[in-house]
There are 2 protein chains.
Amino acid sequence: MSLAPAKQASPLGCCAPLSREPLTEEGAERAAALLKALGDPVRLRLMSLVASRDGGEACVCDLNDAFELSQPTISHHLKVLHEAGLLDREKRGVWVYYRARTEVLNELAALIGGAA
Amino acid sequence: MSLAPAKQASPLGCCAPLSREPLTEEGAERAAALLKALGDPVRLRLMSLVASRDGGEACVCDLNDAFELSQPTISHHLKVLHEAGLLDREKRGVWVYYRARTEVLNELAALIGGAA
DNA sequence: CAGAGACATAGACATACGTAAATATATACA
DNA sequence: TGTATATATTTACGTATGTCTATGTCTCTG
């Protein structure tokens, strides 16, 4: 039994840069799923709010107040980001904290911008 | 009258990296539009096919054959990428060539992965 | 154990999206 | 001028998406 915290596999985990060689069908599926999750203004701001926080994590309670949207709507968007593999989720007492998976963001960045 | 070829403004043209500071509402709007355009497997492969080509451009005739989709569907996706500002379009005789705007891809990459 | 607060889930609704078939436009060439 | 070829536009249709209201679940505290 390893004592190290379980390190989830990246939802992308592949692929040379876009401009270097044509994406495979499966690589495109995986990358597009991430891009689609980020392709909504609210989710992108949520991602940014979490990622730019000290420690790369934020409580839902803080996030709700940053938008003029209902709490369930924010919850829904966080779920989309979480299921895409872009946010980690941890419950601490009554509060839920989301943490940005910056490795995934970096992989994605390398994929779309990795060439010269 | 300038003789240099018109250099279009980037559709993003802004914003510190996601993880560095919270995106503004407008910055998120612009970036999300690009991400959304890329957030479809077919469009992402199209983008990759064009960008990875020698010279960074490809003829529609080549692109159509790479998918088992109707010609109008490919045309539609190319239009989406073009209108998002990710592909330039040039007609040469009977053929139409699309060219990848790699500066835009790079800006986007810097936005989502720009931090450490 | 009851009540309150934090967050998630379910259901409903209007709008947007991906796709295809049919049609239009434009260019080349006989 | 007429026909063939390359690409775009239009229309239509089923499905997915973003949002809300209402409700459920979990956790702390009195």
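Reckoned from all heavy atoms, side chains included, excluding hydrogens, waters and symmetry mates. Computed from a predicted structure; not experimentally measured.
Using a 4.0 Å heavy-atom criterion, one finds that B:Y98 contacts the sugar-phosphate atoms exclusively.
Distance CD1 (B:I74) to P (D:dA8): 11 Å, rounded to an integer number of Å. C:dA8 atom C1' lies 17 Å from atom CD of A:E90, rounded to whole Å. Computed from coordinates, the B:Y97 OH to D:dA6 C1' distance equals 11 Å when rounded to whole Å.
Taking side-chain N and O atoms only, A:K79 has no distance below 4.0 Å to OP1 or OP2 of C:dA8.
Sorted by first and then second residue, the disulfide bond (SG atoms under 2.5 Å apart) pairs with a member in residues 16-48 of chain B form an empty list; sequence neighbours excluded. Residue pairs that meet the disulfide bond (SG atoms under 2.5 Å apart) test with at least one member in residues 44-111 of chain B, sequence neighbours left out, are B:C59-B:C61. Contacts classified as side chain to side chain donor-acceptor pair (under 3.5 Å) and involving residues 30-41 of chain B (residues at least two apart or in different chains) are given here: B:E26-B:R30.
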Contact letters for nucleotides 17-30 of chain C, in which S counts primed atoms plus P, OP1 and OP2 and B counts the base, heavy atoms under 4.0 Å: SSBBBB---SSS--

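When the salt bridge (Lys or Arg N to Asp or Glu O under 4.0 Å) test is applied to A:E90, the partners found at least two apart in sequence or on another chain are A:R92. A:R99 is linked by a salt bridge (Lys or Arg N to Asp or Glu O under 4.0 Å) to A:E57, counting only residues two or more places apart in sequence or in another chain. With sequence neighbours excluded, no residue satisfies salt bridge (Lys or Arg N to Asp or Glu O under 4.0 Å) with B:D88. By the disulfide (SG to SG under 2.5 Å) test, B:C14 pairs with no residue at all, sequence neighbours left out.
Proximity of residues 44-67 of chain B to DNA chain C (heavy atom under 4.0 angstrom from any strand atom) is not detected for any residue.
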Hey, mind stepping through A:E21 and B:S52 against side-chain hydrogen bond (donor to acceptor under 3.5 Å, both in side chains) and telling me if it holds? CA-CA 5 Å; A:E21 69 187 29; B:S52 64; over 6 Å; no

